[in-house]
Protein chains: 2
Amino acid sequence: MNIGSVSAKSGLPAKTIRYYEEIGLIAPDRTPNGYRDFSDTHVHKLTFLHRARSLGFTIEDCRTLLALWEDKARASAEVKHIAQDHLAEIETKIADLMDMRDTLAHLVDTCAGDHRPDCPILKQLSGETPDEKEA
Amino acid sequence: MNIGSVSAKSGLPAKTIRYYEEIGLIAPDRTPNGYRDFSDTHVHKLTFLHRARSLGFTIEDCRTLLALWEDKARASAEVKHIAQDHLAEIETKIADLMDMRDTLAHLVDTCAGDHRPDCPILKQLSGETPDEKEA
DNA sequence: GATAAAGGTTCCAGCAACAGGAAGGTCAAG
DNA sequence: CTTGACCTTCCTGTTGCTGGAACCTTTATC
């Protein structure tokens, strides 16, 4: 199967598939003309990678998960551990972003957003405590 | 003022300050020995940048915000617009991460995490519908 | 048979926003 | 005079691709 079809089936851009080969995540065969030749197993792996990536796992996590997936004697604890670590990182990111959001939302709310130069957003960034809307 | 003191005052690593100079965010003077020489204004700018960056604004946003900050005739609408766009991006990121978190949390929850190979996480990634904990 | 479109190939550059480290100059203290 | 703490520049690496150039192959059409 050519890379185009695999791209369509796995949902990954051809560029990404080539990249995954380059970093050793997948190893397609080659036809005599030099084209990559993928089997259904390769497609399955790539689909797996696509799903794992869209859950935010890093490439290195994906590499490990793929190995565990192929290891029929793995312990599910290993997989769970990776997922839990990743989950914790996501929670942290969410918390950080929510802090940013709260601060920003407040600033946006207090800024008149008109033609005048007075701006609580810039005030806060420059270290001044911006005036509140209501005292 | 040397870069070390500025780093301490602004909270930015010296490396970052040099980088900011390289990309034209700041332009310190030089002493005869070649050392960078920062004024209080420079420190103030860097502190501004530090705050803006920690609210997640991109470097290019920061560049614009800094220019608006220096432009005493700016319209606060311009600042508000940037902040609102950024806020929207943050909201999107939070939503994406929360989707990931929900899926992952569910998977982690259904995985026994013991010595056995059976693993709902891998099942889901490989495209099988994993069994639920309770039917 | 000529040609053009639609695949495929490799390789190189670039993104964001720095961080790490090498090799070396400078300065103040003991 | 040496030691150590600074400072300098320059180069590489990070993460996960994406875009583009320059070039083959295959297939369809005239």
Side-chain angles (χ1 to χ4, degrees), chain A residues 1-38 42-43 45-46 48-66 85-86 89-90 92-93 96-97 100, chain B residues 1-38 42-43 45-46 48-66 82 85-86 89-90 93 96-97 100:
Chain A
M1 204 183 316
N2 278 351
I3 201 168
S5 326
V6 177
S7 170
K9 287 194 186 183
S10 68
L12 289 170
K15 278 271 186 191
T16 300
I17 298 174
R18 293 196 192 96
Y19 173 66
Y20 286 175
E21 181 187 12
E22 189 186 326
I23 63 173
L25 273 185
I26 197 157
D29 299 330
R30 296 282 174 152
T31 53
N33 62 15
Y35 285 18
R36 286 172 184 80
D37 188 23
F38 299 85
H42 291 131
V43 174
K45 273 194 194 183
L46 287 166
F48 179 100
L49 289 170
H50 191 188
R51 289 210 186 85
R53 287 290 298 135
S54 64
L55 282 178
F57 285 104
T58 66
I59 290 284
E60 287 318 301
D61 277 349
C62 288
R63 198 188 295 279
T64 310
L65 289 172
L66 206 49
D85 281 2
H86 179 45
E89 277 178 20
I90 288 180
T92 303
K93 274 188 200 167
D96 289 350
L97 285 172
M100 288 184 198
Chain B
M1 205 184 317
N2 277 352
I3 200 168
S5 325
V6 177
S7 170
K9 287 193 186 184
S10 68
L12 290 170
K15 280 271 184 189
T16 300
I17 298 173
R18 292 197 192 97
Y19 174 67
Y20 286 176
E21 181 188 12
E22 190 187 324
I23 63 173
L25 274 185
I26 196 156
D29 299 331
R30 296 281 176 152
T31 54
N33 63 15
Y35 285 18
R36 287 172 183 80
D37 188 22
F38 298 86
H42 290 130
V43 174
K45 273 194 194 182
L46 287 166
F48 179 99
L49 289 170
H50 191 187
R51 289 211 186 83
R53 288 288 299 132
S54 63
L55 282 178
F57 284 105
T58 65
I59 291 282
E60 286 319 300
D61 279 348
C62 288
R63 197 188 297 277
T64 309
L65 289 172
L66 206 48
I82 296 172
D85 280 2
H86 179 45
E89 278 178 19
I90 289 180
K93 274 188 199 166
D96 289 350
L97 285 172
M100 285 184 200

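Numbered from 1 within each chain, the chains take letters A, B, ... in sequence-line order. Keep in mind that the numbers below use all heavy atoms, side chains included, and drop hydrogens, waters and symmetry copies.
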Rounded to whole Å, please give me the gap between [atom1] in [X] and [atom2] in [N].
X	N	atom1	atom2	result
B:Arg53	C:dA16	CZ	C1'	8 Å
A:Glu22	D:dG16	CD	P	14 Å
B:Asp29	D:dT8	CG	P	13 Å

Is B:Ile3 touching bases, backbone alone, or none of the nucleic acid, heavy atoms closer than 4.0 Å?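 It contacts sugar-phosphate atoms only.
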OP1 or OP2 of [N] under 4.0 Å from side-chain N/O of [X]:
X	N	value
A:Thr16	D:dG16	no
B:Arg18	D:dT8	yes
A:Asn33	D:dT26	yes
B:Tyr19	C:dA16	no
A:Arg30	C:dG8	no
A:Arg36	C:dT10	yes

Side chain B:His42, main chain B:Ile26, donor-acceptor under 3.5 Å: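 The answer is no, because no donor-acceptor pair under 3.5 Å joins these two groups.
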Please confirm whether the backbone N or O of B:His50 pairs with a side-chain atom of B:Ser54, one donor and one acceptor, at under 3.5 Å?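 Checking the backbone N and O of B:His50 against the side chain of B:Ser54, a donor-acceptor pair under 3.5 Å is found.
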With respect to the side chain of B:Tyr35, which nucleotide from C:dC18, C:dT26, D:dC10 is positioned closest?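 Nearest to the side-chain atoms of B:Tyr35, counting from C-beta on, is C:dT26.
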Heavy atoms from C-beta onward define the side chain here; which of D:dC7, C:dA17, D:dC17 lies closest to that of B:Asn2? D:dC7
Do B:Phe57 and B:Ile82 make a side-chain contact, defined as non-hydrogen atoms from C-beta onward lying under 4.5 Å apart?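 A side-chain contact exists here, since the closest heavy-atom pair is under 4.5 Å.
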Could you tell me whether A:Arg63 and A:Glu60 make a salt bridge, using a distance below 4.0 angstrom between a side-chain N and a carboxylate O?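 Between A:Glu60 and A:Arg63 there is a salt bridge, with a charged N closer than 4.0 Å to a carboxylate O.
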Taking for each residue the nucleotide of DNA chain D bearing the nearest heavy atom, is the 5' side occupied by A:Pro13 or by B:Gly4?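 That would be B:Gly4.
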Is A:Lys15 side chain donor-acceptor paired with the D:dG16 base, going by distance under 3.5 Å alone? no
